[in-house]
Amino acid sequence: MPIPNPAPRLLLITGAPASGKSRLAGELAQRYAGRSCSKDEIKEVLFDTLGQGDAAWSRRLSDASFALLFALAPRLLGADRLLLLEGNFRAGEHEAPLRRLLERSGAGAAQVLCVAAAATRAARLAARA
């Protein structure tokens, strides 16, 4: 009798900007030989391709980045590896696409909320500017 494949595994890494999400996702992906997909990585490509703009433009690119993240996730999910999705997921906006992803894939999921002190986040954001 064949052994069934385990359900795909999904780990959501979320939190405010500069809370350590990207670093944690990278370290976990490396440690567990997982795949990783980041909203900010997608957004940077969109910025490079479409140009930068005001806050409203940045929000539109964030929305497009999340849409791409959710579109790519089913292709990245595999029973053999962990998939880490990293971004500042928004309550009230991203539950439905995440729920659809989990229902369609049968993936087991967990979420990590990254937090950092306001002063730490401010220093990290200043260093990025």
Side-chain angles (χ1 to χ4, degrees):
M1 182 163 112
I3 298 172
N5 287 334
R9 297 170 294 157
L10 177 64
L11 182 59
L12 303 172
I13 311 275
T14 190
S19 62
K21 299 180 301 296
S22 297
R23 181 175 179 177
L24 178 62
E27 289 177 7
L28 290 174
Q30 184 175 14
R31 173 178 279 184
Y32 296 105
R35 296 178 179 108
S36 180
C37 192
S38 164
K39 186 273 292 186
D40 283 346
E41 288 176 331
I42 295 169
K43 188 175 179 181
E44 288 299 321
V45 172
L46 294 176
F47 269 141
D48 291 345
T49 304
L50 301 173
Q52 297 190 15
D54 61 10
W57 175 246
S58 179
R59 178 63 182 239
R60 287 181 61 206
L61 290 186
S62 286
D63 292 344
S65 298
F66 274 117
L68 286 166
L69 182 84
F70 295 131
L72 292 171
R75 293 171 181 85
L76 296 172
L77 269 171
D80 60 329
R81 294 173 84 175
L82 175 66
L83 173 61
L84 297 105
L85 295 183
E86 182 260 314
N88 55 335
F89 297 97
R90 299 182 210 124
E93 292 183 46
H94 295 133
E95 290 90 342
L98 286 168
R99 190 174 300 111
R100 283 191 297 274
L101 172 63
L102 294 174
E103 289 169 355
R104 290 178 184 157
S105 68
Q111 178 176 304
V112 174
L113 174 62
C114 295
V115 294
T120 300
R121 290 182 51 238
R124 290 175 180 168
L125 290 169
R128 293 179 190 174

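Note that the structure is a prediction, hence the values are computed from the model and not measured.
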Open item on the list: Does either side chain, that of Glu86 or that of Ser36, offer a donor lying less than 3.5 Å from an acceptor on the other one?
Closed with: no
Open item on the list: Is it true that Lys43 and Ser58 share a donor-acceptor pair across their side chains at a distance under 3.5 Å?
Closed with: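 Judged by distance alone, the side chains do pair up.
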Open item on the list: Check this for me: does any side-chain nitrogen of one of Glu27 and Arg23 sit under 4.0 Å from a carboxylate oxygen of the other?
Closed with: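 Here Glu27 pairs with Arg23 in a salt bridge, since their nearest N and O are under 4.0 Å apart.
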TODO: Check the angle between the aromatic planes of Phe89 and His94 and answer parallel, tilted or perpendicular using the 30° and 60° thresholds.
DONE: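 Answer is perpendicular, since the angle exceeds 60°.
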Which atoms form the tightest heavy-atom contact between [X] and [Y], and what is the distance?
{"X": "Arg35", "Y": "Leu77", "answer": "NH1-C, 4.3 Å"}
{"X": "Cys37", "Y": "Leu72", "answer": "SG-CD1, 4.3 Å"}
{"X": "Leu101", "Y": "Pro74", "answer": "CD1-CG, 3.8 Å"}
{"X": "Gly15", "Y": "Asn88", "answer": "O-CB, 3.2 Å"}
{"X": "Ser19", "Y": "Ala16", "answer": "OG-O, 2.7 Å"}
{"X": "Cys114", "Y": "Ile13", "answer": "SG-CG2, 3.9 Å"}

For [X], does the [atom1] atom have more than 12 heavy-atom neighbours from other residues, nucleotides or ligands under 6.0 Å away?
{"X": "Arg90", "atom1": "CZ", "result": "yes"}
{"X": "Glu93", "atom1": "CD", "result": "yes"}
{"X": "Arg124", "atom1": "CZ", "result": "yes"}

Any non-hydrogen side-chain atom of [X] less than 4.5 Å from a side-chain atom of [Y]?
{"X": "Trp57", "Y": "Leu50", "result": "yes"}
{"X": "Leu84", "Y": "Tyr32", "result": "no"}
{"X": "Arg59", "Y": "Asp63", "result": "yes"}

First locate atom [atom1] of [X], then atom [atom2] of [Y], and finally report the distance between them rounded to the nearest 0.5 Å.
{"X": "Leu46", "Y": "Arg60", "atom1": "CG", "atom2": "CZ", "value": "11.5 Å"}
{"X": "Leu10", "Y": "Leu83", "atom1": "CG", "atom2": "CG", "value": "5.5 Å"}
{"X": "Ser38", "Y": "Leu85", "atom1": "OG", "atom2": "CG", "value": "9.5 Å"}
{"X": "Leu12", "Y": "Lys21", "atom1": "CG", "atom2": "NZ", "value": "13.0 Å"}
{"X": "Asp40", "Y": "Phe47", "atom1": "CG", "atom2": "CZ", "value": "9.0 Å"}
{"X": "Arg31", "Y": "Leu24", "atom1": "CZ", "atom2": "CG", "value": "10.0 Å"}

Open item on the list: Donor-acceptor check, side chain of Arg9 to backbone of Ala107, threshold 3.5 angstrom: yes or no?
Closed with: no
- [ ] Check the hydrophobic clustering (I, L, V, M, F, W, Y; side-chain heavy atoms under 4.5 Å; chains of links allowed) and say if Leu98 and Leu82 are grouped together.
- [x]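 No, separate clusters.
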Open item on the list: Count I, L, V, M, F, W, Y as connected when their side-chain heavy atoms are under 4.5 Å apart, and connections chain through other members. Are Phe66 and Leu102 then in the same cluster?
Closed with: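 Same cluster.
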- [ ] Determine, step by step, whether Leu11 and Val112 satisfy the side chain to side chain contact (heavy atoms under 4.5 Å, CB included) criterion, reporting the C-alpha distance in whole Å, the side-chain angles of both residues, the deciding distance to 0.1 Å, and the verdict.
- [x] CA-CA 7 Å; Leu11 182 59; Val112 174; 3.9 Å; yes
Task: Which residues share a salt bridge (charged side-chain N to carboxylate O under 4.0 Å, His left out) with Glu44, sequence neighbours left out - done: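 Residues passing salt bridge (charged side-chain N to carboxylate O under 4.0 Å, His left out) with Glu44: none at all.
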- [ ] Run through the side-chain heavy atoms of Ile, Leu, Val, Met, Phe, Trp and Tyr, join any pair under 4.5 Å, and report what else lands in Leu113's cluster.
- [x] Val115
